[in-house]
Amino acid sequence: MRSRKRALVAIGACILALAGCSEAPAPEPISTSTIVLAADGSFIQYRVEDFDSGYYQLSELDAMIRQEVQDYVSGASGSGTVAVEQVDTIEGNQDQVMVALRFANSHVYEDYAAQVDRQPCSLFYGTVGEAIEAGYELEGVLRDANKGEAVTAQQLQKLGDRHVLIFEDALQIRCPSRVLYTGGNVRLTEAGYVDGTEGEGLKYVVFK
């Protein structure tokens, strides 16, 4: 089988574009790598990559992606852990392709990235309480998304059931509800999305 790397030049390892984190974001077409979060812990990864249409047929890429997912799911515990949502070129740009995969949770995503993509990465999606139990240090890193004020230890204790996304790759993010706090090199866009495409280190998004 022809090398996937020759067909796709990845914009970045484990690039997730996490899309819009407001309660009613203005809908915008996805044109960069994005992850759209759902309230139940699942999410869709929209990975936008360069596509060599002169070397690869889109149908070949689609078949290869679906086979990779099928092989992974058949070897994973439980079914429905990963599903193919879309494999298509970007509208108006035949030199880029969008591969959209739905993941049951962030643990599945990390495992899939390591086993299938051979690009290990770190991404946590759960509650603030679960993140603290997992060893993430949130005190001193979160700031109010509107006021910019640092979250105190007392405030952090009250955020246990809020959802948090912790990631380190260059990503854009769309959340299922309003963003409350952020940390690291992220910013809110005018459309209400979280832009974490710049800077290094862990990045944090806490939402309702």
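Only heavy atoms go into these numbers, but all of them, side chains included; no hydrogens, no water, no symmetry mates.
Scanning all heavy atoms of the two residues, the minimum distance from Leu156 to Val151 falls at N-CG1, 3.8 Å. Scanning both residues, Glu28 and Tyr193, for their nearest heavy atoms gives N-OH, 3.3 Å. What you find for Ser177 and Lys208 is that their closest heavy atoms are OG-O, 2.5 Å. Minimum heavy-atom separation, Glu168 to Leu202: CB-CD2, 4.0 Å. Across all their heavy atoms, Val186 and Lys203 have their closest contact at CG1-CB, 3.6 Å. Between Ala150 and Gln155, the shortest heavy-atom contact is O-OE1, 3.8 Å.
Looking at heavy atoms from C-beta onward, Glu110 lies in side-chain contact with Ser122 at the 4.5 angstrom threshold. Using a 4.5 Å cut-off on side-chain heavy atoms (C-beta onward), Thr81 and Phe103 make no contact. The side-chain heavy atoms of Val128 and Val206, taken from C-beta on, include a pair separated by under 4.5 Å. For the pair Ile166/Leu138, a side-chain contact is recorded, criterion being any heavy-atom separation below 4.5 Å from C-beta on. Counting heavy atoms from C-beta on, the side chains of Arg187 and Thr189 come closer than 4.5 Å. Counting only heavy atoms from C-beta outward, the side chains of Cys175 and Val205 approach each other to under 4.5 Å. Side-chain contact between Asp88 and Leu58 is present, with at least one heavy-atom pair separated by less than 4.5 Å. Contact check for Arg66 versus Val69: no side-chain heavy atoms found under the 4.5 Å cut-off.
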TODO: List the steps and the verdict of side chain to side chain contact (heavy atoms under 4.5 Å, CB included) for Ile30 and Met98.
DONE: CA-CA 9 Å; Ile30 294 175; Met98 177 184 291; 3.7 Å; yes
TODO: Output, in order, the C-alpha distance, side-chain angles, deciding distance and verdict of side chain to side chain contact (heavy atoms under 4.5 Å, CB included) for Val82 and Arg102.
DONE: CA-CA 6 Å; Val82 186; Arg102 180 183 295 277; over 6 Å; no
TODO: Under the side chain to side chain contact (heavy atoms under 4.5 Å, CB included) rule, what do Glu139 and Glu137 come out as? Steps first, then yes or no, please.
DONE: CA-CA 6 Å; Glu139 185 174 347; Glu137 180 58 62; 3.2 Å; yes
TODO: Determine, stepwise, if the pair Tyr204 / Leu165 fulfils side chain to side chain contact (heavy atoms under 4.5 Å, CB included).
DONE: CA-CA 6 Å; Tyr204 308 81; Leu165 177 76; over 6 Å; no
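Salt bridge annotation for Arg47-Glu49: present, with a cationic side-chain nitrogen under 4.0 angstrom from a carboxylate oxygen.
Between the CG atom of Asp111 and the OG atom of Ser106 there is a distance of 11.5 Å, given to the nearest 0.5 Å. Put simply, CG on Leu188 and OG1 on Thr182 are 6.0 Å apart, with the number rounded to the nearest 0.5 Å. With rounding to the nearest 0.5 angstrom, the CG atom of Asp95 is 9.5 Å from the CZ atom of Phe51. Going from atom OH of Tyr46 over to atom CD1 of Ile90 covers 11.0 Å, rounded to the nearest 0.5 Å. Here the CG atom belonging to Asp40 is positioned 8.5 Å from the NE2 atom belonging to His163, to the nearest 0.5 angstrom. Annotation: the span from Gln57 atom CD to Asp52 atom CG amounts to 10.5 Å, rounded to 0.5 Å.
Side-chain heavy atoms closer than 4.5 Å link hydrophobic residues (I, L, V, M, F, W, Y) into clusters, and following such links, possibly through other members, connects Tyr56 to Val84. Linking ILVMFWY side-chain heavy atoms closer than 4.5 Å, directly or via other members, places Met64 and Val97 in a single hydrophobic cluster. Leu101 and Leu37 end up in the same hydrophobic cluster when Ile, Leu, Val, Met, Phe, Trp and Tyr side chains are linked at under 4.5 Å. If you chain together hydrophobic residues whose side chains sit under 4.5 Å apart, Val73 and Val87 fall into the same group. Connection of Val194 to Tyr181 is not established within any shared hydrophobic cluster, with ILVMFWY side chains joined at heavy-atom distances below 4.5 Å, either directly or through further cluster members.
Side chain of Asp144 to main chain of Glu149: no donor-acceptor pair is present (N/O by atom type, distance under 3.5 Å, no hydrogens or angles). Judged purely by atom type and a 3.5 angstrom limit, Ser42 has no side-chain atom pairing as donor or acceptor with the backbone of Ala38. Gln96 places no side-chain N or O within donor-acceptor distance of the main-chain N or O of Val48, the cut-off being under 3.5 Å.
Aromatic rings from Tyr109 and Phe43 are positioned such that their centres are separated by under 6.0 Å. Under the 6.0 Å cut-off for aromatic ring centres, Tyr72 and Tyr112 qualify, their centroids lying closer than that.
Between Tyr136 and Phe124, the ring planes lie tilted relative to each other; the angle falls in the 30° to 60° range.
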